Amino acid sequence: MPKPSVVYVCTECGFETQKWLGKCPSCNVFNSLQEEIAVKKLSASLYTKPLSIARLSDTELGDDDRSPTQIEELDRVLSGGIVPGSLMLIGGEPGIGKSTLLLQLCNNFAGSGETVLYVSGEESVKQVKMRADRLKAVSSNLYIMAETDVDRILKAATDLKPSLMIIDSIQTMALAELPQAAGSVTQVRECASGMMRLAKQNNIAIILVGHATKEGNIAGPRMLEHTVDTVLYFEGDRNAGYRIIRSVKNRFGSTNEIGIFEMTEQGLKCISNPSEYMLSGRPIHVPGSVVSCSVEGTRPILTEIQALVCQTSFGMPRRTAAGADFNRTVMLLAILEKRLGLQLGNCDAYINIAGGMKITEPSVDAAICAAVASSFRNKPIDPFTVVFGEVGLAGEIRAVASAEKRVSEAAKLGFKLCILPEANLKGMKKPSNIELFGAANVTNLLDSLL
């Protein structure tokens, strides 16, 4: 019996080579090559058929080119709904609520008369039925299939012709022609390719569920995210009551859009006003607390920035940032010490974005500086004040995008004063129910607040 040939496949990008290398020459990631048995050719599958060729100019779009999910926050992330024939990938930590959200989605589709197929590779039919009963998501048009063989799944989908199909999860699916175990690079890549051909040729919208690694990325080859049309990440602290679904790739709409849900006993509930939800329960007249406004996609969200500065008990002061970029936070502390003379070198500094939000845009720089200075001087900031702006190394406050949206959101929630970059005041329509103050640098900022 001939010895099977071996190839080394990169777990990040899918690059193949005949010998092991310490670093992948394609994506330059170290120790990412995994040994697998080479497969010359897969047998013909049921989903292969000739594709028709058409002129792009002759292709007409109809009113049914998007199917609303009837879940307001999910429709926002998907720019209006699910596109028929699209292949989507949703990832998140175990227990975050992926299966709950998708079962609610299936129930909405099935309730509107569409045929839906839910394929579970991790749970039995009875286990899915127990969750469906709890969520009251049982419909006559919702079909369930507990299977991991991709060929059998493709045959069932070809016969049933559903409008929507859920694969939970792609790491449990396997092709019988491949000798690798389910979840390997080759299996995930080939199974995803088979699902893509099924979606495009039969106009079936397919959602793949992907496991998340401890770094927060979707497990499997990075090529999986390049294959699909849309990539959604389900985020949130399992101890908190809310969940965030974020779009990081969308061929049919905008990216970096987010939807916010609240986890209840009846499933996930949309939060239509996330700013009010995030600010509920915040302390009033407490040093180190200030409200800022960040923009996620097209939505402005008000969040509370908290800071605690105290004398250190160690030789090296501690720096901790929860929800904010750590390196940028350290830079802002250095700016306050250099430009304003705040003696932070012998103090521990703790920064927190209340509610577990993760904000990476630099518009919260000014709010972090204000919160740190407020805690250091033990002086509270007016609770009806909103602060936003990017801070440079010279201490200047730079303009940020979507300033009018941020001001309007603050005014809608009853804030009386908004401190923003001075450059954003030029040409801005000033609302009548909120006062605006333009700060040129951190000195102006803290003089107006403290």
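Since we're looking at a predicted model, the values are computed, not measured.
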Are [X] and [Y] within salt-bridge range, i.e. N to O under 4.0 Å?
{"X": "R299", "Y": "E73", "answer": "yes"}
{"X": "R131", "Y": "E123", "answer": "yes"}
{"X": "E409", "Y": "R406", "answer": "no"}
{"X": "E396", "Y": "R339", "answer": "no"}
{"X": "R246", "Y": "E235", "answer": "yes"}
{"X": "D133", "Y": "K126", "answer": "no"}

Can you tell me how far [atom2] of [Y] sits from [atom1] of [X], rounded to the nearest 0.5 angstrom?
{"X": "Y118", "Y": "L164", "atom1": "OH", "atom2": "CG", "answer": "11.0 Å"}
{"X": "N327", "Y": "L332", "atom1": "CG", "atom2": "CG", "answer": "11.0 Å"}
{"X": "D75", "Y": "R66", "atom1": "CG", "atom2": "CZ", "answer": "10.0 Å"}
{"X": "I260", "Y": "Y242", "atom1": "CD1", "atom2": "OH", "answer": "7.5 Å"}

Would you say that I71 contacts N108 through its side chain, given a criterion of any heavy-atom pair below 4.5 Å between the two side chains? yes

Student check: side-chain heavy atoms of N346 and Q311 closer than 4.5 Å: yes

Treating K430 as the side-chain partner and L436 as the backbone partner, does any N or O pair qualify as donor plus acceptor under 3.5 Å? no

For R251, does the CZ atom sit with more than 12 other heavy atoms under 6.0 Å from it, leaving out its own atoms? yes

Could you tell me if T312 and D348 have a donor-acceptor pair between their side chains, going purely by distance under 3.5 Å? yes

Is it the case that E114 and S112 place a side-chain donor and acceptor less than 3.5 Å from each other? no

